[in-house]
Every structure is written in structure tokens, then in C-alpha cells.
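In what follows, a structure is listed as C-alpha cells, so that the remarks can point back to it.
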Amino acid sequence: MPLDLYDRVSRVIPPIEWATMAEDAEAILKLKRERRAVILAHNYQTPDIFHGVADIVGDSLALAREAEKADADVIVLAGVHFMAETAKLMNPSKTVLIPDAHAGCSLAESITAADVALLRAKYPGRPVVAYVNTSAEVKAASDICCTSGNAKKVVESLGVPEVIMLPDEFLAQNVAKETGVKIIAWKGHCEVHERFTPQEILQLRQTHPGVVILAHPECPPEVVEVADFSGSTAVMADYVREKKPARVALITECSMSDNIAQNAPETEFVRPCNLCPHMKLITLKNIRRALEEMQTEVTIPAELFAPARRAVERMLAVK
Ligand code: 13P
Ligand code: SF4
């Protein structure tokens, strides 16, 4: 096992566990060179993937931006299906692979293009802002995308008093509070973040004095309200890197703390996390298989391509 590879995960993966992973990790590094492939991994991937084999890691916004710039023949998206679709939209000449095509998202699955058409009919004239956690079909039916990292800026950029924002009801409510824009929301929820409660946060403060609480904006507004700070997964990571809190709790998916803890020895992580079953479908083993068999390739139906890409491009143009 090359020491430098283990060094990247040594603070969060015990050596005995790494011994079961090293062969797949080394095979992946070799396959990447042979296939001219890059691995883009979301912040919720496990540390063996995040630190061990990924070329680029980040939140949904960073992954969309980096997919556009990727200079490789193959992009492996270690994340969920909508992220792989977004990568394909932004860099269509590349082969985009997802290691498990069943890696979905409770938000993306909560809404269809037909639902967007019904909302437009009910609330004519309001622009439709689609969270990037949607299918290409829903993006194509929308005016502009947003992520948790830029939702406020995207909504403000429209310069209107009222917008439709879908499918995350809690993100919509959190953005409405921040912007003062009236938001017509959909009733979709992230199955990971909807489970956090304000009582849980208050209890954390009692049992871990001085803990700094960072909550993802997919959490219910009552949770965000009692947190110290709210932001996308990348914004949370930046906060810990820059402010180096003595104790922190990241109110989000479990792997975030593991991934940040590797390079934050001065911070104690309190971990009241919830697992995303979709993100956890991606493993070193199926990344290796994806590169060996060049499976599963992600494609976008021709009629959806231009309108879906336009919605993502409009988002990326918001400064
Ligand atoms: P960000 O990484 O963009 O904050 O999104 C979190 C998420 O739930 C992605 O599925
Ligand atoms: Fe979807 Fe929530 Fe999982 Fe992100 S964490 S992929 S929003 S279910």
C-alpha cells in the first residue's frame, strides 16, 4: 500500500479498514490514467472516495462548474444521478459515468415536468427557479437553476417580487426569509435534512458547551433559526477551514464531518448526522467497475438538452 495514499485518510480510516480498500483504490488510480478519466466527488462521499481517489471534490455548484472545465475523456461522477446529468449537460462531448444508476435523490424524485407545467398555469408570469437537485426534464421546464450555494443570489438576480422555487420547500422558505422575495414552493424535502429538529440542536448545545452549529439550508427553517450559521456543504467546509472552531456540529450528511476532519486536527466534530442512502450507493468497488466496464453512461434526451442546459448556464452566469 503506498504510504502517501493512506496518509490522505489516516485520521478518519483505521489502517485495518484501509487494508480492505487499498487494492480497489490503487486499481482506480491506474484505470483513471488508462481511460483519461477524472473523478468528481460530492462532499457526501465517504473519505476513501473523497480523499483517496477523487480529482475534484465540492458542493453541487462546484461540481457543475468543474464538470464544464474537465479536460478528460471520461468523467466519473461520484454522487447522485442529477449531478451526473448536470455534468453531461455542461460537458456533452465527454463520456459521463455514474457508478450506480440507482443513486437518486428524494428531492429530484418529488417533482416532474408535468408538475412544473401545472404550477406555471396556476401562477402565470412567475419565473421558475429549479434547485439543481432535479431531473434534466424538470430543469428543461424551468427558467433558471440554483444550488444551496447560490440560491439567494439567483433569486435576487431575477429582480421580481415573486418566484416559483422548487422542489425543496425548506430551501424555498429559508431563501424567502433571507431575500424578502415571496416564494411559491413545492412540498419536496430532502430525506436527510428534514429529520433534524430544533430540539436536537438545543440539546447539542447543552451537552457540548461552546459548539458552533452549521446547518444546511435544506434543513427546516426552525432548525436554521437556532443554528449559528447556514450554508452549502462547500460553505460549511470553508467556515471550518477559515475559522477553526474548537468544536463544531455540521447539521447535514454524515460523511461531511469525516471528510473535513481529515484536515482539521484542531477542531472537535460533534456528529449528529443522518446518512443519505443514495450517496452511499457509490463505493470504491463500483467506481472501479464503472471504469473497467465504462458503465453506466449518462445521457440526456435530445429534446431536453438545450432547455435544460440553458437553465444551468443562466445559473452559472449569476455572479
Ligand atoms: P450542496 O453540496 O450543494 O450543498 O448540496 C447538498 C446536497 O444535498 C446535494 O445532494
Ligand atoms: Fe438528495 Fe438529500 Fe441525498 Fe442530497 S442528501 S442527494 S438532497 S436525498
Side-chain angles (χ1 to χ4, degrees), residues 42-46 59-60 79-80 82 103-111 131-134 146-149 151-152 155 165-240 243 245-261 264 267-281:
H42 185 261
N43 288 329
Y44 295 161
Q45 292 296 294
T46 47
D59 65 355
S60 312
V80 292
F82 75 80
C105 167
S106 65
L107 282 168
E109 274 131 46
S110 73
I111 190 160
Y131 196 29
V132 74
N133 299 39
T134 46
C146 74
T147 73
S148 57
K152 178 173 181 273
V155 166
M165 188 173 178
L166 50 90
D168 189 338
E169 183 183 27
F170 296 149
L171 178 72
Q173 290 170 344
N174 287 323
V175 172
K177 269 193 180 170
E178 273 188 272
T179 58
V181 173
K182 185 164 179 231
I183 299 191
I184 300 153
W186 186 250
K187 286 227 175 285
H189 298 143
C190 162
E191 67 189 87
V192 174
H193 294 96
E194 71 176 345
R195 284 184 284 160
F196 291 108
T197 63
Q199 291 75 19
E200 208 175 341
I201 309 299
L202 297 177
Q203 198 163 3
L204 275 177
R205 290 202 192 278
Q206 277 171 6
T207 45
H208 302 277
V211 67
V212 177
I213 310 263
L214 312 185
H216 194 277
E218 287 172 12
C219 292
E222 315 84 75
V223 169
V224 171
E225 214 160 277
V226 293
D228 296 302
F229 180 80
S230 174
S232 80
T233 56
V235 171
M236 287 185 190
D238 290 348
Y239 185 103
V240 174
K243 302 216 188 289
R247 251 182 185 179
V248 77
L250 306 182
I251 306 304
T252 190
E253 212 272 347
C254 298
S255 292
M256 266 298 287
S257 296
D258 295 337
N259 290 333
I260 301 180
T267 297
E268 177 201 342
F269 287 78
V270 179
R271 299 174 193 233
C273 67
N274 292 329
L275 269 179
C276 173
H278 312 288
M279 288 281 179
K280 264 50 220 188
L281 287 177

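Basis for what follows: all heavy atoms, side chains included, without hydrogens, waters or symmetry-related copies.
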| query | How far does CD1 of Ile201 sit from CZ of Phe196, to the nearest 0.5 angstrom? | reply | 7.0 Å
| said: Between His193 and Pro217, is there a side-chain heavy-atom distance shorter than 4.5 Å? | reply: no
| message | Can a donor-acceptor pair be found, under 3.5 Å and without considering hydrogens, that links the side chain of Ser106 to the backbone of His189? | response | yes
| request: Answer yes or no: is there a donor N or O on one side and an acceptor on the other, between the side chain of Arg271 and the main chain of Cys254, under 3.5 Å? | output: no
| task | Answer yes or no: are there more than 12 heavy-atom neighbours, outside Gln203 itself, under 6.0 Å from its atom CD? | result | no
| said: With side-chain contact (heavy atoms from CB on, under 4.5 Å) as the criterion, how do Asp228 and Arg205 come out once you've worked through the C-alpha distance, each side chain's angles and the decisive distance to 0.1 Å? | reply: CA-CA 11 Å; Asp228 296 302; Arg205 290 202 192 278; 3.2 Å; yes
| query | So which heavy atom on Phe82 is nearest to which on Thr134, and how close? | reply | CB-O, 3.4 Å
| task | May I have the step-by-step check of side-chain contact (heavy atoms from CB on, under 4.5 Å) for Leu214 and Val240, ending in yes or no? | result | CA-CA 9 Å; Leu214 312 185; Val240 174; 4.2 Å; yes
| said: How close do Val192 and Thr252 get, counting heavy atoms only, and between which atoms? | reply: CG1-C, 4.5 Å
| In Å and rounded to the nearest 0.5 Å, what is the CE to CD distance from Met165 to Gln173? | 11.0 Å
| request: Starting at NZ of Lys243, measure out to OG1 of Thr267 and round the result to the nearest 0.5 Å. | output: 12.5 Å
| query | Looking only at heavy atoms, which two atoms of Ala261 and Phe269 are closest? And how far apart? | reply | CA-CE1, 3.6 Å
| query | Taking all non-hydrogen atoms of both residues, which atom of Pro167 and which atom of Ile111 are closest, and how far apart? | reply | CB-CG2, 3.7 Å
| Separation of Met279 CE from Ser255 OG (nearest 0.5 Å) | 9.5 Å
| task | Without swapping roles, check the side chain of Asn174 against the backbone of Cys219 for a donor-acceptor pair under 3.5 Å. | result | yes
| Value rounded to 0.5 Å, distance of CG in Asn259 from CG in Asn43 | 7.0 Å
| task | Using modelled atom types only, decide if a donor and an acceptor are shared between the side chain of Lys280 and the backbone of Tyr44 within a distance under 3.5 Å. | result | yes
| note | Closest non-hydrogen contact found for Lys177 with Pro221 is NZ-CB, 4.1 Å
| request: Quick one: sort the Tyr239 and Phe229 rings into parallel, tilted or perpendicular, breaks at 30° and 60°. | output: tilted
| query | Would a 4.5 Å heavy-atom cut-off, applied to side chains only, mark Ser232 and Thr147 as touching? | reply | no
| message | Between Val223 and Ile251, is there a side-chain heavy-atom distance shorter than 4.5 Å? | response | yes
| Flag, side chain of Asn133 to backbone of Ala108, donor-acceptor distance under 3.5 Å | no
| message | Please give me the minimum heavy-atom distance between Glu169 and Ala185, naming the atom from each residue. | response | CA-CB, 4.2 Å
| From His278 NE2 over to Glu253 CD, what is the distance, rounded to the nearest 0.5 angstrom? | 10.5 Å
